[in-house]
Amino acid sequence: WLVSLWTRLEWQAAVRPRTLVAFSILLLLCMLMASIGLSRTIAARDSGGAMRSLQFSLYHDLAGIAVLTGDLRLPPHVYRSIPNLDLPLIRDAYDAADVNRLVYNPHWSADGFLTTNPAEFRELVSTWQGAIAARPGAYVRRRLDALATILQIDSVYYPFHTGIDANDLGLRFADGPLYDRVTSWLYATRGIFFRSWVFAIVAILVLMVGLHRKRWSAVAVSSSGLLYVAPYAVVTTGSDF
């Protein structure tokens, strides 16, 4: 859409769809290369960050399936690190909206779950695939539960973050009367302004009206919002608004 607008402004003439697609792909590749370059600049290559991030979602799915069916499946390296881990502990730690309760639990170290070892990561993926194959209905229900929390249907989870967490960068935050009043008001009205499903319905309506009236800018923006949420149907690491 950005390329389409740019060509209209610069060339003042119709551009062939093939040209728009080519320019769009080129822009996307440039953005991806810039993102990868920036990531490698600010993060150590051997940190396993991307692999660790995906693990949150896989473990959350395994815990959700176990809670729904009683069939607890975890990779061997987890049991080696946390030998006393059982279904009652998983039930107590599981929250469809918050994977941190499971991984960063006071009863065990997060390193018992998260790994940078490729072999252990493959163990996790294999265990996750086996759990889905054995309990497909529970997996679908678990993903629907996760999507419901992301859309904030039943309640509002983590609408916004306040202050600055403890850090080693020397960053400090001092709140004031205005900040306290604003955040208190936002929290008190979180059930009105932080319902993701309301925004989704508005986006769908805008999309429908835009298609009917051929307002392609509205269609592009609303479609972008809906497509942004789509991957959460299969991968999530939390339900922060």
Side-chain angles (χ1 to χ4, degrees), residues 46-161 165-166 187 190-191 194-197 200 228-241:
D46 59 351
S47 64
M51 189 167 64
R52 287 170 66 93
S53 298
L54 180 57
Q55 292 175 65
F56 280 92
S57 183
L58 301 185
Y59 280 121
H60 214 183
D61 286 343
L62 289 172
I65 292 172
V67 169
L68 290 170
T69 66
D71 182 10
L72 176 59
R73 301 182 184 218
L74 294 171
H77 71 268
V78 173
Y79 287 115
R80 290 194 296 268
S81 301
I82 316 173
N84 64 329
L85 192 59
D86 56 15
L87 185 58
L89 286 174
I90 293 293
R91 289 186 187 276
D92 183 64
Y94 177 74
D95 183 338
D98 186 7
V99 69
N100 291 317
R101 284 189 55 190
L102 174 69
V103 177
Y104 298 108
N105 193 286
H107 293 94
W108 50 73
S109 169
D111 292 336
F113 282 94
L114 304 176
T115 180
T116 57
N117 185 320
E120 293 180 345
F121 179 75
R122 288 193 293 270
E123 283 182 347
L124 170 59
V125 173
S126 178
T127 303
W128 177 77
Q129 291 173 337
I132 294 174
R135 308 284 185 172
Y139 170 73
V140 171
R141 182 178 169 187
R142 148 68 196 150
R143 294 313 313 171
L144 290 175
D145 287 345
L147 197 58
T149 62
I150 287 172
L151 294 175
Q152 318 284 346
I153 292 176
D154 294 327
S155 61
V156 175
Y157 171 74
Y158 215 99
F160 54 87
H161 190 66
D165 291 339
Y187 194 78
R190 64 190 184 281
F194 294 93
R195 295 284 189 181
S196 306
W197 64 268
Y228 178 85
V229 181
Y232 294 146
V234 291
V235 176
T236 49
T237 56
S239 300
D240 306 18
F241 175 82

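Numbers for residues simply follow the sequence, beginning at 1.
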Shortest non-hydrogen separation from Glu120 to His77 and the atoms involved = O-CE1, 3.4 Å
From Tyr94, Phe113, Tyr104, residue fulfilling ring pair (Phe, Tyr, Trp, His ring centres under 6.0 Å) relative to Tyr59 | Phe113
Steps toward side-chain contact (heavy atoms from CB on, under 4.5 Å) verdict (Asn84, Ile82) | CA-CA 6 Å; Asn84 64 329; Ile82 316 173; 3.4 Å; yes
Nearest-0.5 Å distance that lies between atom OH in Tyr139 and atom CD1 in Ile132 = 4.5 Å
Heavy-atom pair with the smallest gap, counting every atom of Val78 and Leu74 = CG1-CD1, 4.1 Å
State whether the side chain of Arg101 and the backbone N or O of Asp92 hold a donor-acceptor pair below 3.5 Å, judged by distance alone.
-> yes
Hey, does the side chain of Arg195 reach the backbone of Leu151 with a donor-acceptor pair shorter than 3.5 angstrom?
-> no
CG (Leu124) and OG1 (Thr115) are apart, to the nearest 0.5 Å, by 9.0 Å
Considering all heavy atoms, the nearest Ala131-Ile65 contact = CB-CD1, 4.2 Å
Look at the side chain of Thr237 and the backbone N and O of Phe56, then say whether any donor-acceptor pair between them is shorter than 3.5 Å.
-> no
Mind listing the closest non-hydrogen atom pair of Ala134 and Arg73 along with its distance?
-> CB-NH2, 3.2 Å
On the 0 to 90° scale, with breaks at 30° and 60°, tag the Tyr158-His161 ring pair as parallel, tilted or perpendicular.
-> parallel
Check against side-chain contact (heavy atoms from CB on, under 4.5 Å), Leu102 and Ile90 = CA-CA 7 Å; Leu102 174 69; Ile90 293 293; 3.8 Å; yes
Atom pair CG (Leu62) and CZ (Arg135), whose distance is rounded to the nearest 0.5 Å | 13.0 Å
Expected output: side-chain His60 to main-chain Asp95 donor-acceptor under 3.5 Å | yes
Any side-chain heavy atom of Phe121 within less than 4.5 Å of one from Leu54?
-> yes
Minimum heavy-atom distance Gln152-Ser239, with the two atoms named = NE2-O, 3.0 Å
Might you point out which heavy atoms bring Arg52 and Thr116 nearest each other, and give the distance in Å?
-> CD-CG2, 4.0 Å
For a ring pair (Phe, Tyr, Trp, His ring centres under 6.0 Å) with Phe194, tell me which candidate from Phe160, Tyr187, Tyr157 qualifies.
-> Phe160
So, Asp145 side chain and Ala148 main chain: donor-acceptor pair closer than 3.5 Å or not?
-> no
Take Thr236 and Arg143 through the test side-chain contact (heavy atoms from CB on, under 4.5 Å) and record every step on the way to the result.
-> CA-CA 9 Å; Thr236 49; Arg143 294 313 313 171; 3.1 Å; yes
Are Asp61 and Ser57 side-chain neighbours, meaning at least one heavy-atom pair lies under 4.5 Å?
-> yes
